There are 2 protein chains.
Amino acid sequence: MATLSEVAAEAGVSPTAVSRYLNHRIELPQATRDRIDAAIAKLDYRPNLLARRLSTGKSEAIALVTPDIANPFFAELAAAVERQAHASGYSVYITSTGGHADAEINAIRRMADSHVDGLIMTTNRVDDGSLAGLLAGRENVVLLDEDIAGVTVPRVFVDNAEGSYRATRHLIEMGHRSIALIGGPHRLLSVGERLAGFSRAMGEASLTIRPGWVLLGEYTRDYGAAATHVLLDAAEPPTAILACSDYIAIGVMQGVREHGLSIPKDISLVGFDDMAFAALVDPPLTTIRQPVAAMGELAVRHLLSLLDGHVPPAETRLPVELMIRQSVAPPFKQG
Amino acid sequence: MATLSEVAAEAGVSPTAVSRYLNHRIELPQATRDRIDAAIAKLDYRPNLLARRLSTGKSEAIALVTPDIANPFFAELAAAVERQAHASGYSVYITSTGGHADAEINAIRRMADSHVDGLIMTTNRVDDGSLAGLLAGRENVVLLDEDIAGVTVPRVFVDNAEGSYRATRHLIEMGHRSIALIGGPHRLLSVGERLAGFSRAMGEASLTIRPGWVLLGEYTRDYGAAATHVLLDAAEPPTAILACSDYIAIGVMQGVREHGLSIPKDISLVGFDDMAFAALVDPPLTTIRQPVAAMGELAVRHLLSLLDGHVPPAETRLPVELMIRQSVAPPFKQG
DNA sequence: TTGGCTATGTAAAGCGCTTTACCAACGATA
DNA sequence: TATCGTTGGTAAAGCGCTTTACATAGCCAA
């Protein structure tokens, strides 16, 4: 690899001149420019980003810390983040942490310490304060999708409550009165809000939420299946289930099938997320669509404006949408 | 951020001593070690990786260049690569290129130029020679999943031919004689090999491959649907379709449905990849499973051994597996 | 003729680290 | 006593770039 100095020597000017020329910090006469350009071409020079970063302290790169890149939701988010960042001339380094606290901390350290200008953080855990401590006071972080308590950086979320409200309304309008909710980890922002939207819709329709019909555990297929078994084993099972993620919904489908029942004939189901597979499952899943692309883009835009010294909104809520497919039907009349 | 020199000053030693101590290049008496450790703790020192990289020329990081991180196949691959790399103390930078040649080239440049020790490259395009040129002679690259013609770096592939051979055998054993194949881009390694396995199975069973029953286009859902329409609009349509990817298979399902037919009653279908959604669709898709985790891990291991100066096998083939689900049935008897 | 301006640069320091010398002090050895 | 090896370090250069401060040459106005 050729260096700046070699180019300068070849062109018969000083390294300073070449550097400033390349960074548009000097006006040179055509002849000099031509000599430099020729030298660059001849030596196939490309600047060493590491050196530049060390020198300037800027990297023109951002990091995306994500719990699990194999999860389509985060993968799509990552794709959107990349798209938007590239459009602004930024590189993106994606890391996935497996959802482990120490991995998250390491990732943030590694990223934030030295080689990126900013950080977009998504998590799906309840923080014990260590993340909050790490992120406190940083001016180059934005939180995406899920909150970290006690952190004051700009945040981009969807309107979780509105989503579950609409999902619940939809079930109620289809005639359901006995509706259960299966959600992710207790105390996670999205879970609390989705539960709140559910409660509001139920309340407005003067329906009671039965104790034991709100099951909070994990955003996983397995939990969805397990919770479904609990629900269906009860004396009087619900006629509809609101799953707080499509993964959970898949588990519900499995659980319902294992109980010898069918969706939507016996049990109606609404999911949340509208992951790519939601339209492909049997039956196609009615679910709440999150605007994944918009979330990623907005997070990048807010981060870049932060880096520019501006102050983006502390919290942005993106609208969700009810995607009606075929997993909801009127309740089965038993008598 | 504290620097090495500040730590040294605090501990009353030279920066050299601290650096060598941290890199295990010197043996210091306990007292000195304690002073340095105390200084590090007090100043919350963490080394600046950028500076270290610039100085040593090593980064303890590898890059994964992938066409589309939102594609579950590549996302799972990425997750496996990360897992294995982290286990060896390496960081991974993931970039997705959108499958555009120039983006791939830029990514390789950016990555390879300055900030990673090695590169794992996956692509899903047919190279026009530019990638090959860029990668030629490099000793720190491994190719994963798909080939680039003319490149001599170590490669990790699955046994594509064996996969489609088994898929085709399965269809034949179920009684099918009229089998069509829908594949990805002509001239892609995987496509050629999958076609070869198909041909071999057909030949062994003395079945002819009808002209017009091998459709090569793209590894996309849309192409799968379009190709299916072509197939089903013909006077005498096939009774089974071998889709060379699960994405294509999803498109086939859609196409079949749009024709008012059903799988597997009217048309049998086998996919390829066993993406997460394959088990979730209606009907659950019989497909060829690729050992995604093993692929990612092996690619990392080969890359690291390359970096260590060893010579991994030029080409490794990983075994595939037929996952029998419910998209294949004996052919519908028409007469 | 002088002073000052503009155009066209350059020298040198510094980013934070590693590494290659080198060195001083001390005890052991010949 | 001279030498040697070991222990416990240090000084300084260098990785490739940016940036601040300064320099020179030419030209114009006063």
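Reminder, nothing fancy here: chain letters follow the sequence lines and each chain counts from 1. As the structure is a computational prediction, the values presented were derived from the model and not from experiment.
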Short side-chain N/O contact from [X] to OP1 or OP2 of [N], under 4.0 Å:
X       : N      : result
B/Tyr45 : C/dC17 : yes
B/Ser14 : D/dT10 : yes
B/Ser55 : D/dG14 : no
B/Asn48 : C/dC15 : no
B/Ser19 : C/dT18 : yes
B/Arg25 : C/dT19 : yes

Determine the contact category for [X]: base if any of its heavy atoms lies under 4.0 Å from a base atom, sugar-phosphate if only primed atoms, P, OP1 or OP2 are that close, otherwise nothing.
X       : result
A/Pro15 : nothing
A/Thr3  : sugar-phosphate
A/Leu28 : sugar-phosphate
B/Thr56 : sugar-phosphate

Which whole-number value in Å describes the distance from [X] [atom1] to [N] [atom2]?
X       : N      : atom1 : atom2 : answer
B/Leu4  : D/dT10 : CG    : C1'   : 14 Å
B/Asn23 : C/dC17 : CG    : C1'   : 9 Å
A/Ile36 : C/dT10 : CD1   : P     : 9 Å
A/Arg20 : D/dC22 : CZ    : P     : 14 Å
A/Leu49 : D/dC17 : CG    : C1'   : 11 Å
B/Arg53 : C/dC15 : CZ    : C1'   : 16 Å
A/Leu54 : C/dT18 : CG    : C1'   : 13 Å
A/Ile26 : C/dG9  : CD1   : P     : 7 Å

**Prompt:** Is the closest side-chain heavy-atom distance between B/Leu77 and B/Thr66 below 4.5 Å?
**Reply:** no

**Item:** Side chains of A/Leu318 and A/Leu298 in contact at under 4.5 Å (non-hydrogen atoms)
**Value:** yes

**Prompt:** With B/Phe157, which of B/Thr316, B/Leu144, B/Leu189 fulfils side-chain contact (heavy atoms from CB on, under 4.5 Å)?
**Reply:** B/Leu189

**Prompt:** In terms of side-chain heavy atoms of A/Thr16, which of C/dG9, D/dG16, C/dT10 is nearest?
**Reply:** C/dT10

**Prompt:** Just wondering, are more than 12 heavy atoms of other shown residues or ligands nearer than 6.0 Å to CD in B/Glu139?
**Reply:**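 12 or below, so no.
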
